[in-house]
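Contents: one structure, followed by commentary.
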Amino acid sequence: MKGYGKECDWWSLGAIFFECLVGYAPFCSDNPGDTYKKIIEWPNYLYFPEEVFISREGEDLLRRYTSASISSQNVTEYHSPSMMTWAESRLTVAQIKAHPFFYGADWNALRHIEPPFVPHLQSITDTSYFPTDDFGNLPDQLDQVEGIGAEKDLAFLG
């Protein structure tokens with residue numbers, strides 16, 4: 001009930017970082033109520049799955065803890081600086097950039113470095129880089145096309 005500051009942004013960035021490393025969101029659930037509960041009670045739900053390899057540096061960046069923090073798989077305290085911890089203990093942007101996970105990153109040249117993969121799109125609606133196996137047998141053409149307005153993003157039409 002006090003609003004929030006940049007600490008919330010670092011938590012959110014940590015959640016996105018977790019999803020990039022693991023493949024799914026850290027507190028995902030079948031319904032919003034359970035997701036909310038997991039976020040509120042995050043010390044009991046923030047863990048890395050054993051079947052996914054995460055480097056020590058990657059895990060440390062997201063959740064650093066002492067050996068006294070762990071008791072039979074339930075993490076009870078997170079007070080060491082990391083991205084996903086209590087607001088007063090979250091890393092600052094300078095601490096995140098200096099973390100060993102980012103060793104060798106040239107933060108000043110980041111915008112000028114060629115990315116390892118550059119998608120080559122055929123059009124503004126090209127979705128060829130997205131998996132489509134789960135779509136089943138969808139028709140190539142839609143039966144009815146929605147009207148295009150300034151508020152519509154062509155990439156998501158239909």
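Nothing here was measured: the structure is a model prediction, and the numbers come from that model.
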Report task. Report yes or no: does R63 contribute a side-chain atom to a donor-acceptor pair with the main-chain N or O of L46 at less than 3.5 Å? Result -> yes
Query raised in the report: Rounded to the nearest 0.5 Å, what separation is found between the CD1 atom of I96 and the OG atom of S82?
Result: 9.5 Å
**Report entry** Nearest-0.5 Å distance that lies between atom CE in M83 and atom CD1 in I16
**Finding:** 8.5 Å
Query - Single-linkage hydrophobic cluster, 4.5 Å side-chain cutoff, V93 and W107 together - result: yes
Query raised in the report: Any link between F27 and Y24 through a network of hydrophobic side chains (Ile, Leu, Val, Met, Phe, Trp, Tyr) touching at under 4.5 Å?
Result: yes
Requested in this report: Evaluate whether atom CG of D30 has more than 12 neighbouring non-hydrogen atoms of other residues, nucleotides or ligands under 6.0 angstrom away.
Outcome: no
**Report entry** Atom CZ of F130: over 12 foreign heavy atoms under 6.0 Å
**Finding:** no
Query raised in the report: What residues, two or more places apart in sequence or in another chain, satisfy side-chain hydrogen bond (donor to acceptor under 3.5 Å, both in side chains) together with T35?
Result: none
Query raised in the report: Rounded to the nearest 0.5 Å, how far does CG of D126 lie from CD1 of I124?
Result: 11.0 Å
Requested in this report: Say whether I113 and V118 are linked into one hydrophobic cluster, either directly or through other cluster members, by side-chain heavy-atom distances under 4.5 angstrom.
Outcome: no
Query raised in the report: Below 4.5 Å, heavy atoms only, C-beta onward: do L21 and L62 meet side chain to side chain?
Result: yes
Query raised in the report: Does atom OH of Y103 have more than 12 heavy-atom neighbours, drawn from other residues, nucleotides or ligands, at distances under 6.0 Å?
Result: no
Query raised in the report: Does the pair F101 and D60 meet the rule for a side-chain contact (heavy atoms from CB on, under 4.5 Å), with working shown?
Result: CA-CA 8 Å; F101 181 84; D60 183 74; over 6 Å; no
Query raised in the report: For the residue pair L61 and L91, what are the closest heavy atoms and their distance?
Result: CD1-CD1, 3.8 Å
**Report entry** Any donor-acceptor N/O pair, Q95 side chain to T92 backbone, under 3.5 Å
**Finding:** yes
Query - F18, W86, W42, F17 screened by ring-ring contact (aromatic ring centres under 6.0 Å, His included) with W11, the one that passes - result: W42
Query raised in the report: Can you list the residues that meet the side-chain hydrogen bond (donor to acceptor under 3.5 Å, both in side chains) rule with N31, with sequence neighbours excluded?
Result: D34
Query - Residue K38 excluded, over 12 heavy atoms near NZ under 6.0 Å - result: yes
Query raised in the report: Is there a side-chain contact between P26 and M84, using heavy atoms and a 4.5 Å cut-off?
Result: yes
**Report entry** Contact check, side chains of F102 and E57, non-hydrogen atoms, under 4.5 Å
**Finding:** no
Query - Steps toward side-chain contact (heavy atoms from CB on, under 4.5 Å) verdict (Y47, E59) - result: CA-CA 9 Å; Y47 67 92; E59 186 172 343; over 6 Å; no
**Report entry** Any residue meeting side-chain hydrogen bond (donor to acceptor under 3.5 Å, both in side chains) with E19, in chain and number order, not counting sequence neighbours
**Finding:** none
